[in-house]
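Quantities reported herein were computed from a predicted structural model and do not represent experimental measurements. The figures here come from the full heavy-atom set of this structure, side chains too, leaving out hydrogens, waters and symmetry mates. One is the number of the first residue; the rest follow in order along the sequence. Numbering of ligands and ligand atoms starts at 1, following listing order.
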Amino acid sequence: MIADVVLGLQHGDEAKGKVTHHLCSKGNYTHVIRFNGGCNAGHTIYHEGKKFVTHHIPAGVFYGIESIIGPGCVVDPEQFFKEIEELEEAGIPASALVSIAKNAHVITKNHKEEDGKDSKIGTTKRGNGPAYRDKYNRSGFRAEDMPCLEGYLIDIYEELYSKQNVEILFEGAQGFGLDIDHGDYPYVTSSHCTAAAALLSGVPPQAIRKVWGVAKIYETYVGAKRFQPEGDVFNALQLIGEEFGATTGRKRQCNWMDLDNLIKAVRMNGVTDLVFNKMDVLREVGEWKFYNDKKLLEFKNEQEVKRWITSHISLTSPVSNVYFSGNKDRI
Ligand code: IMP
Ligand code: MG
């Protein structure tokens, strides 16, 4: 068994969807597995010129790859069926390709109602927190308890261990800065967003080949805490970067990238391949800045930034490849 992992290194919305979609088109994966989160996630994917926003359904469906919602996820059946329908209408055979681990937990109407009243954290109001709370309280419902999901259920052990040459792409949701343990608690999500969380799906650590860490060249965050500093340039980042939540439509708060936080995320996740997205946004904004060692560094141009980051990363972390990409570029 071989597994690659794609995960976010900041606060979600690093364009993980683009990276998974690209890897699915290139690789020999037999399975794509979402390993955390629920429909709080919004993965924007451009496939054959068309825009898709998926919440639950892994990106494998665009390339005919079996796609699993893993045991670390929480599933809202209503949203799940809505998404299947939308994909099917667009000609993607999602229904035949998607399955749900029978031990994944379910988001109920009550969970959504409760989360809908949140104002403290600024959640996506999709019922995530209450569903995970009930899971750990041992009072939740599993996918296998829901008759409506019956046709989609699988046993993850049977699925992955009864076949030869299994090659998995793990698709993470949210990001390290929102991780329940390593993020800025309580302004976090309710699941684990690390490479370790991919293994919780029931895969041995030895199976991991590559860990793709995805970042933006600046940072965004959506939620209740104050994140964006004063200054017009941050509004420009928000506008030019089209920084609106894919799930809720909320404006994302913007700031310069913090390289110290990024390196922490890279090291703690064992990132081997690092992708910086949205280079073209800083190009258009016309300022090249990021924080390092708590100081704001300023650079003359893109080349200087790339050179500085690449050499700094190679000195401080296990990364073998660094990629820089624009919003609309391929990797
Ligand atoms: P929850 O996951 O809906 O409980 O929200 C907790 C925090 O995580 C809030 O600040 C949300 O805005 C944020 N969050 C959850 N999912 C995502 C995501 O996919 N992208 C960006 N932020 C997210
Ligand atoms: Mg998103």
Subject >> Atoms in ligand 1 flagged as close to Gly223, the criterion being non-hydrogen separation under 4.0 Å >> reply: 10 (O)
**OP:** Please identify which atoms of ligand 1 are closer than 4.0 Å to at least one heavy atom of His11.
**Re:** 21 (C), 22 (N)
**OP:** With Tyr218 as reference, evaluate Gln238, Gln10, Glu287, Glu243 under the side-chain hydrogen bond (donor to acceptor under 3.5 Å, both in side chains) test and give the passing residue.
**Re:**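 So, applying the side-chain hydrogen bond (donor to acceptor under 3.5 Å, both in side chains) to Tyr218 and each of Gln238, Gln10, Glu287, Glu243, only Glu243 qualifies.
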For [X], is the nearest heavy atom under 4.0 Å from an atom of ligand 1?
X      : value
Gly122 : yes
Val188 : yes
Arg250 : yes
Gln174 : yes

Original post:
Should the ring pair Phe324 and Phe276 be called parallel, tilted or perpendicular, given that the plane angle runs from 0 to 90° and is split at 30 and 60?
Top reply: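 Aromatic pair Phe324/Phe276 classed parallel.
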**OP:** Kindly assign one of parallel, tilted or perpendicular to the pair His21 and Tyr63, based on the angle between their ring planes and the thresholds 30° and 60°.
**Re:** tilted
**OP:** State, to the nearest 10 degrees, the angle whose vertex is the Mg ion (ligand 2) and whose arms point to O of Gly42 and OD1 of Asp13.
**Re:**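 Here the angle at the metal atom is close to 150°, to 10°.
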Subject >> Test applied, side-chain contact (heavy atoms from CB on, under 4.5 Å); reference residue, Lys300; option that passes from Glu304, Gln303, Glu298 >> reply: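 When side-chain contact (heavy atoms from CB on, under 4.5 Å) is applied between Lys300 and each of Glu304, Gln303, Glu298, only Glu304 qualifies.
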Tell me, which protein residue and heavy-atom name are nearest [atom], and how many Å apart are they?
atom                    : answer
atom 19 (O) of ligand 1 : Ala41 CA, 3.2 Å
atom 10 (O) of ligand 1 : Val222 O, 2.7 Å
atom 3 (O) of ligand 1  : Thr124 OG1, 2.7 Å
atom 5 (O) of ligand 1  : Thr123 CA, 3.3 Å
atom 2 (O) of ligand 1  : Thr189 OG1, 2.6 Å

**OP:** Examine the proximity of ligand 1 to Leu178 and report which part, side chain or backbone, both or neither, has a heavy atom under 4.0 Å away.
**Re:** side chain
Original post:
Backbone, side chain, both or neither: what part of Thr248 comes under 4.0 angstrom of ligand 1, heavy atoms only?
Top reply: neither
Original post:
Are Arg126 and Thr124 close enough that a side-chain donor and a side-chain acceptor fall under 3.5 Å?
Top reply: no
**OP:** Give the C-alpha distance, both sets of side-chain angles, the deciding distance and a yes or no for salt bridge (Lys or Arg N to Asp or Glu O under 4.0 Å) between Lys112 and Asp76.
**Re:** CA-CA 9 Å; Lys112 285 188 273 188; Asp76 173 1; 2.9 Å; yes
Any side-chain heavy-atom pair of [X] and [Y] under 4.5 Å:
X      : Y      : result
Leu200 : Asn36  : no
Leu149 : Phe81  : yes
Gln228 : Asn235 : yes

Original post:
So is Lys225 actually on top of Tyr221's ring, under 6.0 Å and inside 45° of the axis?
Top reply: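 Cation-pi check for Lys225 and Tyr221: passes.
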Subject >> Per atom 21 (C) of ligand 1, closest listed option by heavy atom (Asp13, Thr247, Asn40) >> reply: Asp13
